[in-house]
Amino acid sequence: MALTVLTVDDSRTMRDMLKHSLVAAGFRVLQAEDGIDGLEVLKTETPDVVVTDINMPRLDGFGFIEAVRRDVERRSMPVLVLTTEADAEKKSRAKAAGATGWIVKPFDPVKLVDAIRRVAA
Amino acid sequence: MDATQAHHDIRELIAFRVGKQELSINIMSVREIRGWTSATILPKAPRYIRGVINLRGAVLPIIDFAVRLGLPATEPTARNVIIVVQNHQKQIGLLVDAVSDILTLNSNTIQPTPDIASESVSTFLRGLIPVDGRMISLITLDNVLPAEGLAAV
Amino acid sequence: MDPMAEIRDVFFQECEEQLAELEAGLLRMEAGDKDAETVNAVFRAVHSIKGGAGIFALDGLVRFAHVFETSLDQIRSGKLSAEPHVMALLLRAADALMDLVRAARNGEAVPEARTQGLVVEFAGLASGGAAEVRTVARVQVPVAPAPQAEPRRTWIIRLTPKASLYAKANETALLLRELSRLGETEVDLDTSGLPDLAELDPEGAYLCWTVTLETDRDAGAIKEIFEFVEDDCDLEIFERPNFNFFMEEAPVEEIVADNSPAPAHPYAHPPVHAPVHASLAPPPGGSEIETNTPSLHPVDVMAAQAETSSSVSATIRVDLDRVDRMIDLVGELVITEAMLNQRVLEAGLARTSAVAMALEELEALTREIQDSVMAIRAQPVRSVFQRMPRLVRELATQTGKQVRLLMEGEGTEVDKTVIERISDPLTHMIRNAIDHGLESPEERVAAGKTAEGAVRLTALHRSGRIVIEVADDGAGINRPRVRAKAIERGLVGADAQLTDDEIDNLIFLPGFSTAAAISDISGRGVGMDVVRRSVQAMGGRISIASRPGQGSTFTLSLPLTLAVLDGMVVKTSDQTLIIPLGAVLETLRPNAADIYPLDNRNSVLALRGGYVPIVDIADVLEFGQRSTIPEQSVALLVESEGGSRAILLVDEIQGQRQVVIKSIEANYRAVYGIAAATVMGDGRVALILDVDTIVSVTRETVRTDFARVSSQGS
């Protein structure tokens, strides 16, 4: 069965781009526009991997990951964060919040898919 | 290889009659052919602009092709037709006497226009095609409409 | 369409939204808004543009957005305060970003000079300016070491996960699986660390793995697998036969900073980390970013806000083409309805018949559908207003004047067809207000005003039209000077008695602004007469009111849509014409005795003590012989947008109706004296008269005739 990936990003460009790359790799893609929206999707869906942006309105990536890790049923869900360049501070904050790993924007579709497969059980 | 080469050179044209002349245009530019309906005249338009008609909600200018060729104006009847053509972004209607033929030919049968054609005609004349003893002019739509700069006069 | 091209379109569309958001946010900050979410939104706008630009390898855009974003991030974290000079720089940067985006969309190159100065200024803002420049440099460097084919070597990998590894949903099994993909592996599990069951923490970590890997891949490939977990485990990687791993080049892309409390000894990790850090030693003279721990954690704030804003308004995005298509179709429906109406009328059915009554209902319904559909395409004028702060900033810089722009009613909605055409006249009105209206700071202070002048831009709905006002608190129109200039240019007679209002409106006359009068700014070679003409071309009007010493107000009034028009249907010389109802003041039957011929072509009508030029439409439009003599015609008293009046003669009035405006230019070109066309109930095209052209041309000829007649008389 195809892996299901939830992408959480407020940029339509980025959502479209992720979807384009992931669908091409045979994944099923769910989309959310920010952290709140992402948590909403997680109420009804159980994706294999979540890919989330950091800077988002309403609830940012850090808050979103923390919320996921607090949820007993979702805490073992791999969450990858999207960060621009090798932003050390963002990465470490994301890790502190409980991120499983990260993907550096602008992402190479091959690396993106690689990273997802690497954390997907 | 040869087959595809030849295929590219095949052209389909629509031939029509205006007075005693027979002309043709690329079939790709033709959108539809419809019967004559009277046009609303436009103020201060060139003589060959017959006016405008309603084509499913769009305002379509009608060119009296006879006048464009330097012939007397057409006295349109129910037998006349309007060839609706697309040229660049614009659709225009050509008022002609009748559609006479659909031609499929190889482009090497098109002969160059002789220099004797009058200047107003040669601006849109692209070549001559001999068909069964008839001589059909191939025209381009590019210079059929008046230039934009004349609008104010 | 190519999916990437589609995403590219989405990107540029989104950029426009973000640029608008960016400017709006910056303006709020400039006005003193200290809300954290405002700064966040501004940051996100730039950040998103950068992210998208990265996808499409728009390097110039990425670089500039990054510098911009870095400063915004400093404001966000409180390291930089939003002082006026900082805000001014940010606003100019927003303008530059917009230029970069537009250039990228059009595939144009942007001169480096456009951004270079700003980059330097940004560097000056930051205390550790050198650090900024270095960060930028790092973005540019691609960090993709090509996988090298290596001789097969045997690696020993010792992995001891910490509990935090599992807490972040990483799995040892997955790491082992990845390792096994690199080559042949042998795994030993060391369970000696396991405590007694009673002491076992279910979320603890007690196991240790040793993997022997035989592979032709290099150490980088192995380290990459542990990229996500290196802080959450103890990891040792070494080569079995000869211990030369530390000579390997480390990957560039690595974690520099650790989160919360920075370790006392940065190299206190397993040996594998040491060379990594060494290769990333701080560049000379630079300070590390890691010292900047965020002073405020915005998550709680935002989560709290999310509670209140979780009721998202239900909106959908619709492709504009679909709406346009729908509006066209509804236009067709209106025409078909009119045709049906006419047929029923021709069939001689009584007004009270069931068919006629049902038809009336259909007519009302059609109107309602039309209004509803038009409402879908209506847009707030915000998109146009948002461009004005930038214009004002540029003009203020150019003129050396201090200007504060106030905007009201940005939410006022108007049809897209109108929005697209508001921008130019509005730009001119604002240019005029700043260039000619406002005084220099010195003059203002001397006049007892604040050094800073105000320009107020207001939009509102008034009686079925949109009204846009541009008011300045400048010196007002210099009436003696305007009057003198108008006389000098022969626009009015030297002895003309003019009211203040008439003098003010002289500036709209063709020929009033000539090259000498046009400054660089208001000018660009365009006078207010051109502005007025373009406004009139879309059925609008523009006027000015002025009070000496207190300022001027330009008022622009436009129809809410350019898609439909209320018109009077008239017939002349067998041609059906539509005259915009807004231009018609009254209809009358002229009295032969009141008509005074000026010559064999022109005449005037005596009306309530004045003379109004008479225009025979059939004659002016060269429709051929007039079918009726003036005294048997119907006369329409019309007023042009400029306030000039004329009598239009037609053969008969057929009624009034709303017509759907159709462009003649779409398939043809502009036609003299005609504004547009419509399709009538009988399916034929009728032309909509351009009243202003007709009136202005006629006044010209009548004026010269008048002059000739009166000079002959004397």
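What you are looking at is a predicted structure, and each value in this text was computed from that prediction instead of being measured.
With a 4.5 angstrom heavy-atom cutoff, Phe12(C) does not touch chain A via any of its atoms. Contacts between Glu14(C) and chain A at a heavy-atom distance below 4.5 Å involve backbone atoms as well as side-chain atoms. Proximity to chain A (any heavy atom under 4.5 Å) is shown, for Ala41(C), by neither the backbone nor the side chain. Only the side chain of Leu80(A) comes within less than 4.5 Å of a heavy atom in chain C; its backbone stays farther off. Looking at Met77(A), the atoms closer than 4.5 Å to chain C (heavy atoms on both sides) all sit in the backbone: N, CA, C or O. Contacts of Arg75(A) with chain C are made by both backbone and side-chain atoms, with heavy-atom separations under 4.5 Å. Interface remark: Asp10(A) contributes backbone and side-chain atoms alike to the contact with chain C (heavy atom separation under 4.5 Å).
Just one residue in the list Arg44(C), Gln74(C), Arg76(C), His47(C) forms a side chain to side chain donor-acceptor pair (under 3.5 Å) with Glu69(C), and that residue is His47(C).
The distance from atom CD1 of Ile225(C) to atom CZ of Arg177(C), rounded to the nearest 0.5 Å, is 10.5 Å. How far NE2 of His20(A) is from CD1 of Ile7(C): 5.0 Å, rounded to the nearest 0.5 Å.
Between the side chains of Ser76(A) and Tyr166(C), no donor-acceptor pair is found at a separation under 3.5 Å.
Chosen from Asp9(A), Asp114(A), Val79(A), Asn55(A), the residue pairing most often with chain C at heavy-atom distances under 4.5 Å is Asn55(A). Ranking Arg118(A), Met14(A), Met17(A) against chain C, the residue ahead of the rest is Arg118(A), based on heavy-atom pairs under 4.5 Å.
A salt bridge between Arg105(C) and Glu16(C) is present, with a side-chain N of the basic residue lying under 4.0 Å from a carboxylate O of the acidic one.
Between the Arg69(A) side chain and the Lys168(C) main chain, a donor and an acceptor come within less than 3.5 Å of each other. Within the 3.5 Å criterion, the main-chain N or O of Thr100(A) finds a donor-acceptor partner in the side chain of Asn170(C).
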